[in-house]
Number of protein chains: 2
Amino acid sequence: MDVQRLELLRELADRGSVTAVALATHRTPSAVSQQLKVLEREAGLPLTQRQGRGLVLTDAGRALARSATDVAVSLAKATALWDEFRNLATGEVSLVTFPTAGQMLLPGVIKHLRPDLVLNCADEDPELSDFPAFTAEYDIVLAHSMSGQLSWAGRGLKVVPLMTEPLDVGLPVGHPLADRTWVRPSDLIGETWIGVTEGYPFERILHAIEQEAGARLSMSQRFADLALIESFVIAGLGIALVPRYTSGGGQPGRLVLKPLRGIESERQIVALMRPDRAERLAVRTVIESLRREASRVQQSQTAK
Amino acid sequence: MDVQRLELLRELADRGSVTAVALATHRTPSAVSQQLKVLEREAGLPLTQRQGRGLVLTDAGRALARSATDVAVSLAKATALWDEFRNLATGEVSLVTFPTAGQMLLPGVIKHLRPDLVLNCADEDPELSDFPAFTAEYDIVLAHSMSGQLSWAGRGLKVVPLMTEPLDVGLPVGHPLADRTWVRPSDLIGETWIGVTEGYPFERILHAIEQEAGARLSMSQRFADLALIESFVIAGLGIALVPRYTSGGGQPGRLVLKPLRGIESERQIVALMRPDRAERLAVRTVIESLRREASRVQQSQTAK
DNA sequence: CACGTCCATGTAGTTAGCCTAAACAGTTCG
DNA sequence: CGAACTGTTTAGGCTAACTACATGGACGTG
């Protein structure tokens, strides 16, 4: 019933290997192994079992790891409480984001943060990696999903919605649809598309357009980087689905955005966290700042 | 943010002195003092302050102690969970009761308990001592209160209602009211009463009778022990307010119970626990058994 | 099929942290 | 004023968790 040992079990559940846990907790694998063994003896039933050269949790181990999370949460609440008493939301907070969200939100957030609260940011390509898994490494993970679709439910992570961003159709100036105020799926038949990489969330909306319009879209290129996609659109090589608030920043006036009607076309930007980390005062402060910044961006954009 | 230290702070909040904490946790006062000092240094703000020769918590200390309870609860839940996995509700559970509840419930409970779950019982006089305070010493505290009146709210204790027991008017055989099916407050004017000790919960109902009947009751004796009261009633020295399910056991047929109408005359029997202890599997098992036994008693009595 | 690699886990030695013991200091009361 | 309480300090021992190193399976490869 030792908390440190429970925490180790929890880390094992999250990271999947003794070595990874050891690395993350600044210990030798031997120390981790020993402590887990003690925990197992205390529990009186096997919590782990070998699988190949690795180690996996048993059902009992997983259940215990889950309740270890509750312990970690209440402990984090306690430390947050006394941070509030001293009212200093200080310390370091780490964050990963996908590029567009970082570009849209982070500069504003960092500008308004107290100097003694350092926010360490990094970016990752959302389609290359399992974003929820980053919650083991980073305090805050900015991720996006299509509306309604909660791809990271049930993992026991805390999900804080920050904003919903419409996805518009990006056109080059002079395009036949460029003087419309909005477009429908049926308008888009026959166009050449600059697509996103396979598996990217935008993909679903393109499929929805195909279903609605009753025709397949021709997809000439597939890119992950938004700026690259835009440059292709501007060059007249095709049209693309782009997030409204983060598009056209590089070459203003040369890219035309048209709202898409007849289909729900938006993405949700959320913050993902391990529940215990979400309780930290410094983390909560950053989240609050993110929410403010997000609504500020949304306000200023809809005002246009 | 060490759990053991938080636990110590919590104990200090509950018990009020370093020595008491040391005694309860099988340590020397020195050890407790040192750990509290470390905690205070970690917290960065004073958690305790001297008062006379004793020690009291500051506001911050109390707040931290409260969140320490949450930690203790989640930890207890974790250990309970793994006890469930091994499904052995084993170990020791301690319990205090006031005499009548113990007489009514405990034999039946202990009879149905697994032999490897030892229940250590004790009784205390409810008016002599602060019952909620016993939760520091015992896992389960059986207490009673008048209906509606929750004298132990807000202390952060877990309260589990077990049963409500009517309080009847006890009469000697041959008493003028003995052939009635029930009595009203106005019927009781002019009687001599055998009362309970000052401050006892029954007191409130006697006052309510006085208010309803519009006259003061004459109280000749004041006892705490029920059997003593009954013997006085049987001897014709007065009438008394007695709990229905636990009266007349000693000398059956010589005491007559009459329901009291026109006034709510009942007491609630509840179990009081520290919230963390309430989570222990063994404790939960005992509580469940108490509830079953209570409803069994209530069933068999109302069937008469 | 032997070899290197990658895991997890034993073993021995070191160290850090928590405890006891005993002396000390402030407060209350007879 | 001293006896009997409080809680605190200091010194020192012991437990327990860590590191370093060695061991033993499991996987992939030349």
Side-chain angles (χ1 to χ4, degrees), chain A residues 1-58 60-62 64-65 68 71-72 75 79 133 136, chain B residues 1-58 60-62 64-65 68 71-72 75 79 133 136:
Chain A
M1 39 150 162
D2 179 82
V3 181
Q4 297 237 60
R5 285 192 262 266
L6 275 181
E7 191 61 27
L8 244 45
L9 188 73
R10 197 167 89 80
E11 288 289 346
L12 184 64
D14 274 13
R15 300 179 191 268
S17 95
V18 172
T19 319
V21 174
L23 231 52
T25 59
H26 310 290
R27 273 184 268 240
T28 54
S30 176
V32 175
S33 178
Q34 288 173 57
Q35 292 307 307
L36 287 175
K37 178 132 298 195
V38 174
L39 185 68
E40 210 161 27
R41 188 151 37 82
E42 279 181 349
L45 45 83
L47 302 175
T48 60
Q49 69 190 62
R50 301 209 58 145
Q51 188 177 74
R53 47 185 167 185
L55 203 64
V56 291
L57 292 179
T58 61
R62 258 186 302 277
L64 218 55
V71 177
L75 240 158
T79 70
Chain B
M1 39 143 163
D2 179 80
V3 181
Q4 297 236 57
R5 284 192 262 265
L6 275 181
E7 192 60 27
L8 245 44
L9 188 73
R10 197 166 89 78
E11 288 288 347
L12 184 63
D14 273 13
R15 300 179 192 267
S17 94
V18 172
T19 320
V21 173
L23 230 53
T25 59
H26 310 290
R27 274 185 267 240
T28 54
S30 172
V32 175
S33 179
Q34 287 174 62
Q35 293 308 308
L36 286 175
K37 180 133 298 195
V38 174
L39 186 69
E40 211 161 28
R41 187 148 38 81
E42 279 181 349
L45 44 84
L47 301 176
T48 60
Q49 67 192 61
R50 300 211 58 148
Q51 189 178 73
R53 50 184 169 185
L55 204 65
V56 292
L57 292 179
T58 61
R62 257 186 302 277
L64 218 56
V71 176
L75 240 159
T79 70

Discussion item. Distance check needed: C/dG17 C1' versus B/Arg41 CZ, whole Å only.
Written reply: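 Those two atoms, CZ and C1', are 12 Å apart.
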Fill in: Atom-pair distance (CZ on A/Arg15; P on C/dA8), nearest Å
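That distance rounds to 13 Å.
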Practice prompt. For C/dC19, take OP1 and OP2 only and decide whether either is under 4.0 Å from a side-chain N or O of B/Gln35.
Written response: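 The answer is yes; a side-chain N or O of B/Gln35 sits under 4.0 Å from OP1 or OP2.
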Fill in: side-chain N/O B/Lys37 vs D/dG7 OP1/OP2, d < 4.0 Å
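Negative; the distance criterion is not met.
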Practice prompt. Under 4.0 Å between any heavy atoms, over every strand shown, what does B/Thr28 touch: base, sugar-phosphate, or nothing? Just pick one.
Written response: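 Base contact.
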Worksheet item: So what does B/Gln4 hit on the nucleic acid, given a heavy-atom distance under 4.0 Å: a base, only sugar-phosphate, or nothing?
Response: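 It contacts nothing in the nucleic acid.
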Discussion item. Both A/Leu8 and A/Gly52 contact DNA chain D. Which one's nearest nucleotide lies toward the 5' end?
Written reply: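 Going by which nucleotide is closer to the 5' end, it is A/Leu8.
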Can you figure out which of [options] approaches the side chain of [X] most closely?
X       : options               : answer
B/Arg27 : D/dG7, C/dC19, D/dG25 : C/dC19
B/Ser17 : C/dG26, D/dA11, D/dG7 : D/dG7
B/Ser30 : D/dC5, D/dT9, D/dA20  : D/dT9
B/Arg50 : D/dG7, C/dT9, C/dC6   : D/dG7

Discussion item. Give me the atom names and distance for the closest heavy-atom approach of A/Leu57 to A/Arg62.
Written reply: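 Taking A/Leu57 first and A/Arg62 second, the nearest heavy atoms are O-NH1, 3.3 Å.
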Worksheet item: Is a side-chain N or O of A/Glu40 found less than 3.5 angstrom from the main chain of A/Leu47, in a donor-acceptor match?
Response: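 Yes, the answer is positive, given that a donor and an acceptor are paired below the 3.5 Å cut-off.
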